[in-house]
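Here is the structure we will look at, set down as structure tokens.
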Amino acid sequence: MAVRRARKHLLDNDQQRVGDTSLPLLQDEVARLVRDYPRLPLGEIWEDLLSAHDEVLHLIETRRFTPSQLRDTNVMAAVLSFLVAKAFNDLEDRDQARTMTLVAAAFAKDAEHTGLAAMVNGLQSLIEYWADRPTDAFFYAKKGADSATGLSGTVAPWLLGLQARAAARMGDEASALQAIAQAAELREHVVPDDLDQLGGLLTYSHAKQLYYTVEAEALLGHGDEDLARQAEEAVAKFSDEDAPDWAFGDLAGARCNLSLVRLHHGDVEGAAEAVRPVLDLSPYLPEQRHRRLHSACTGRPVAWPRPHGRRRTQSAGGDRRLPTAAPRPPPGPPQLTR
């Protein structure tokens, strides 16, 4: 609270024109939120995320900028809107999540940031994947991948990984395997860009690519020994909590994928062993845990009641602000959708 109040004081002191204090202050906060999102429970960063989002939008609405400052601020607004959209998706409020992706896309367009716009397409794909709409998920992933042609960062292989998972859910094995192969080829030529430098949800690590590959093949019903080794490797990579790309949800997802691969191979005991640490997670609500685990372990999302007291955001063409009464996530383990 004290830090947030001090930041507001400094921002308010930059009257009319953005000064040397405002942007670096907000850029540091955005970088922190990007890093913390996959590592901490949503309830621990939710208020900071909403506060930062509101502060950036307040600057855009009330201050004058140089062209470079305006672009940097639009990038921050797009990134924060991306995180808020991801949060709504993790709360399984797909409508709010979809609206916030439109907001993120609008800011990315204003910033003329092709990679960020493609990343928003990836999040749109992720939302539809967990809404049990694999055809729409494939559409958005392909749209993003087509626009990401020529980009050097990891957003392009991520979009192909999303394509592979969506195609697998559709039962389109040829398209899934083609996307996996293309992603593997792109990985060999990756040069980290500005989004990768931020890390967190904005980069697609080798470990994450590995478990996306495993998940796509597991959804196709594959379970050979080579795939089992890849699944074990993904679990091992996400078991190091000190690794920069560690994420709670990714570890849980990798374990569920390993369990599925072992089931396809006929190893029931091995499947139970792989998923047991996920089942032992401390529940924040029993029903929510069971539904999340069903989604993570079967690849088929299950709807559950939304939090109450929520207002809808307006469309991206109007007010880009968040609802005044945003839901408060329960203080439980980090989110499992990935």
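These numbers come from the heavy atoms of this one structure, side chains and all, not from hydrogens, waters or symmetry mates. Start at 1 with the first residue, then count along the sequence.
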Are any side-chain N or O atoms of [X] and backbone N or O atoms of [Y], one a donor and one an acceptor, separated by less than 3.5 Å?
X      : Y      : answer
Ser175 : Asp172 : no
Arg262 : Gly270 : yes
Ser125 : Asn121 : no

Taking [X] first and then [Y], would you say they form a salt bridge - that is, a charged N and a carboxylate O separated by under 4.0 Å?
X      : Y      : result
Arg98  : Glu128 : yes
Asp110 : Arg71  : no
Lys143 : Asp146 : no
Arg229 : Glu232 : no

### Message
Would you compute the distance between atom CD of Glu185 and atom CG of Leu160 and round it to the nearest 0.5 angstrom?
### Response
10.0 Å
### Message
Between Tyr212 and Tyr204, is the ring centroid distance below 6.0 Å?
### Response
yes
### Message
Tell me if the aromatic rings of Trp46 and Phe88 count as close, with their centers under 6.0 Å from one another.
### Response
yes
### Message
On a heavy-atom basis, which atom in Ala145 and which in Leu159 lie closest, and how many Å separate them?
### Response
N-CD1, 3.5 Å
### Query
Less than 4.5 Å apart, any side-chain heavy atom of Gln163 and any of Gln182?
no
Tell me yes or no: between the side chains of [X] and [Y], is some donor less than 3.5 Å from an acceptor?
X      : Y      : result
Arg187 : Gln209 : yes
His264 : Asp224 : no
Asp193 : Ser152 : no

Under 3.5 Å donor-acceptor pairs involving side-chain atoms of residues 237-245, not counting sequence neighbours:
unit_1 : atom_1 : unit_2 : atom_2 : d
Ser239 : OG     : Val235 : O      : 2.6
Asp240 : OD1    : Asp242 : N      : 3.0
Asp245 : OD2    : Ser205 : OG     : 3.1

### CD (Gln197) with more than 12 external heavy atoms under 6.0 Å
yes
